[in-house]
2 protein chains.
Amino acid sequence: MNGPSGTMTKRATVGDVAAHAGVSTATVSRVLNGGAVTDATAAKVWEAVARLDYTPNALTKSIFAGRSSTIGVVIRDLSSPFYLDLIRGVDEVAAANDSLVLLANTFRQVDREVAQVRTMDEQRVRGLVVTTGETTDGRTRRMAESGTPCVVVARTVRNPPPRLHSVSLNNRKAGRLMARHLAGCGRSRVGVITSGSRQSQLERTAGLRRALAELGLPLPADAVAVAETETEVSHALSSLVAGARSRGTPLDAIVCTTGRLTVAVHSALTARGVAIPDDMAFLTMDDFPWAAALGITVVAQPAYEMGRRAAELIVERLAEPVKHVFDPALVARTSCGEARTGHSARD
Amino acid sequence: MNGPSGTMTKRATVGDVAAHAGVSTATVSRVLNGGAVTDATAAKVWEAVARLDYTPNALTKSIFAGRSSTIGVVIRDLSSPFYLDLIRGVDEVAAANDSLVLLANTFRQVDREVAQVRTMDEQRVRGLVVTTGETTDGRTRRMAESGTPCVVVARTVRNPPPRLHSVSLNNRKAGRLMARHLAGCGRSRVGVITSGSRQSQLERTAGLRRALAELGLPLPADAVAVAETETEVSHALSSLVAGARSRGTPLDAIVCTTGRLTVAVHSALTARGVAIPDDMAFLTMDDFPWAAALGITVVAQPAYEMGRRAAELIVERLAEPVKHVFDPALVARTSCGEARTGHSARD
DNA sequence: GTGAAAGCGCTAACAT
DNA sequence: ATGTTAGCGCTTTCAC
């Protein structure tokens, strides 16, 4: 049962400490958790704790509390910079609240999502942050109902029960920021690379299309190409470019609606010998450390803040469902060329 | 005790399931964990489980097992790409072994390190992966001795007890690869930016210096500057460049021994108007997604594999301490200019 | 095959 | 101020 053996010194328990200090287990518990005790007994107990190298079992403690002191985070794709910053935010407030982060990466597989969320439930996490799709909604609802605060990231839930919150981005505004910036830089024929049919992706494209239309710039359906993975990007880009050219309206801007594919889109562009921004403007989601060096203009999400807020919602334990929508911000660099007219990035 | 309230449906326990199925708790446990039971009783139990939406309490289970099914990971700096890949590796094999990752970021603060490792111990993690400094060695030793496999990353431990393993990089070889590549590209006056006095940093610089010396290229002490944080990089670079110039031997290569500072060094170089590789070769540690786009040559660490191996060591539970040293690999791009002579990247 | 009872390590009433 | 007793939710003998 114990695998390849080796000398193992067994761990001390409250009982051991009590025995060595000549007191009861209740007293030990009191000195450890701050009850009313004499300095003398406290000293004896601490001495025993030190000598036995006693380390309390947090698992057992959690049984009484009904739940662990851990915040669960289920991430779809741990390689995306957005999620890394999100986790940092969660971890930051978790640490400030004596909690640890219990992490699970689902590698974008639905069956894993369901299993991981279930596992988090079994672990009796203090709260749960999920970036998964609707498949897991049934369980998160029940978790929230039975007392575990849950926060859905980048998606909203219709008719949420108590304690089921959401933290998301104003995606339509993100699209709008993109449209206005592009127009301000004199671009009029934009092609979009988007990732599947997640709510956030759809809304960004919708916001972009709407704002473009208001500026008199149509975004035909075939100017939007879907790429689920990095390997599909090159093909998506080709069809976009070829399609537009055959229609006699060659593109002068490429928008990428997900930070996850920024590298892939950029390298596909480069591979085709496209000069940015001279041949083509390039605008993408999510700021990242190298963006400045590369001069890539982005619409940034406050990922770190979103993580912080998610964790705060868990710690606060409000019954009332909170729906926190964050604002995106355009970070203008050089990948869309010079702005023609002075325009505001505000709203 | 329960914060702002709201209707909370209480959770079902084995007892509830037993009652609803008309059996004992022992039988419920048997059905759930695969004991000898009649198909008929099994059916009754499963039915009750479904109707009550019973979700077993993993915390309580862990009490019997003596430890949780969680792998602890204490990270110094969650914003470093190396650690992100490491975590992905750990998570991958954790998931394959019915474990979750319990994560803690120490924000490079020693006191937090100590506290987090202790917390991991209290959580009775199945095993622990630490990337922290020697401050935590005392506890990791004791943890290993009392049965928790521990893996130290990027550092080795002298005279380890059973179950205290290490996963690291052959740092001297990393330095050697750098030296040979630089020499192969015709560079002879290199300046180094390194981060503090961690074992790995020291070894990389030592390996670089030694290999450079073998090639007849000295690396004077003042050609090595220390930058702990990103903000210190600019200053370090300036002193390096100015010092070399005043000595009449202007630098023709900059080496950065930590991936964490790659962005900062690169941007400091750019800010000074230094052309890479024409004015200066640039060589750094750790591969990253944008390196190809930027043409930056790196010495890569197999971070993901290292994470996998660390988790494997935990799952395997060998008593004998394992010290796994990984080989670095040079990924040649354009930031050091053209290679003058055909040289091998091997050894 | 199934149940009753003991107990994992700890805390939380009750007593004293 | 301290000890005793009863659990928390689950597994695991040990009888039947």
Side-chain angles (χ1 to χ4, degrees), chain A residues 1-2 9-46 48-49 52-69 119 121-126 146-148, chain B residues 1-2 8-46 48-49 52-69 119 121-125 146-148:
Chain A
M1 235 38 162
N2 193 18
T9 65
K10 64 231 153 294
R11 286 170 177 283
T13 69
V14 261
D16 299 331
V17 176
H20 278 249
V23 298
S24 73
T25 60
T27 300
V28 174
S29 179
R30 285 195 194 94
V31 319
L32 261 40
N33 305 306
V37 278
T38 313
D39 284 1
T41 45
K44 283 192 298 183
V45 170
W46 284 120
V49 165
L52 297 175
D53 190 34
Y54 171 68
T55 306
N57 186 333
L59 265 31
T60 312
K61 283 186 176 174
S62 303
I63 293 188
F64 295 87
R67 40 188 7 88
S68 85
S69 61
T119 306
D121 195 7
E122 294 181 348
Q123 293 287 331
R124 297 295 190 267
V125 290
R126 179 178 181 175
S146 57
T148 308
Chain B
M1 236 35 163
N2 193 18
M8 295 208 310
T9 66
K10 65 230 154 293
R11 287 170 177 283
T13 69
V14 262
D16 299 330
V17 176
H20 278 249
V23 298
S24 72
T25 60
T27 301
V28 174
S29 180
R30 285 192 194 97
V31 174
L32 264 39
N33 306 306
V37 279
T38 312
D39 285 0
T41 46
K44 285 191 299 184
V45 170
W46 283 121
V49 165
L52 297 174
D53 192 32
Y54 171 69
T55 306
N57 186 332
L59 265 31
T60 313
K61 282 187 176 173
S62 303
I63 293 187
F64 293 87
R67 39 189 7 89
S68 84
S69 61
T119 305
D121 196 6
E122 293 180 354
Q123 293 286 332
R124 298 294 191 268
V125 289
S146 58
T148 308

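Computed from a prediction, not measured in an experiment: that's the story for all the values here. In what follows, chains are A, B, ... by sequence order, proteins preceding strands, each numbered from 1.
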Query raised in the report: Given the P atoms of dA1(D) and dC10(C), what is the spacing between them in whole Å?
Result: 24 Å
Report task. Could you measure between the two P atoms, the one in dT2(D) and the one in dG9(C), and give it in whole Å? Result -> 25 Å
Query - Stretch residues 16-26 of chain A: residues that reach within less than 4.0 Å of DNA chain D through a heavy atom - result: Gly22(A), Val23(A), Ser24(A), Ala26(A)
Requested in this report: Check each residue of residues 31-44 of chain A for a non-hydrogen atom within less than 4.0 Å of any atom in DNA chain D, then write out the ones that pass by number, or none.
Outcome: Ala36(A), Val37(A), Thr38(A), Thr41(A)
Between [X] and [Y], is any pair of side-chain heavy atoms under 4.5 Å apart?
X        : Y         : answer
Arg67(B) : Val125(B) : no
Asn57(A) : Glu122(B) : no
Val49(A) : Val31(A)  : no
Thr41(B) : Trp46(B)  : no

Could you state the [atom1]-[atom2] distance from [X] to [N], rounded to the nearest angstrom?
X         : N       : atom1 : atom2 : result
Arg124(A) : dC8(D)  : CZ    : P     : 14 Å
Tyr54(A)  : dC10(C) : OH    : C1'   : 7 Å
Asn57(A)  : dC8(D)  : CG    : C1'   : 13 Å
Leu52(A)  : dG9(C)  : CG    : P     : 14 Å
Lys61(B)  : dG9(D)  : NZ    : C1'   : 11 Å
Leu59(A)  : dG9(C)  : CG    : P     : 12 Å
Phe64(B)  : dC8(D)  : CZ    : P     : 13 Å
Ile63(B)  : dT11(D) : CD1   : P     : 11 Å

Query - Partner of Thr27(B) under side chain to side chain contact (heavy atoms under 4.5 Å, CB included), chosen from Thr38(B), Val37(B), Val17(B) - result: Val37(B)
Report task. Would you please say whether a donor-acceptor pair under 3.5 Å links the side chains of Arg11(B) and Thr55(B)? Result -> no
Query raised in the report: Within the pair Ser29(A) and dT11(C), is there a side-chain N or O less than 4.0 Å away from OP1 or OP2?
Result: yes
**Report entry** Heavy atoms of other groups near Asn33(B) CG, more than 12 under 6.0 Å
**Finding:** yes
Query raised in the report: Which heavy-atom pair separates Gly147(A) from Met8(B) by the least distance, and what is that distance?
Result: CA-SD, 3.3 Å
Query raised in the report: Which heavy atom of Leu59(B) sits nearest a heavy atom of Ser62(A), and at what distance?
Result: CD2-CB, 3.5 Å
Requested in this report: Looking only at side-chain atoms of Thr13(B), point me to the closest of dG3(C), dC8(D), dC10(D).
Outcome: dC10(D)
Query raised in the report: Is there a donor and acceptor pair, one atom on the side chain of Arg30(B) and one on the base of dG3(C), closer than 3.5 Å?
Result: yes
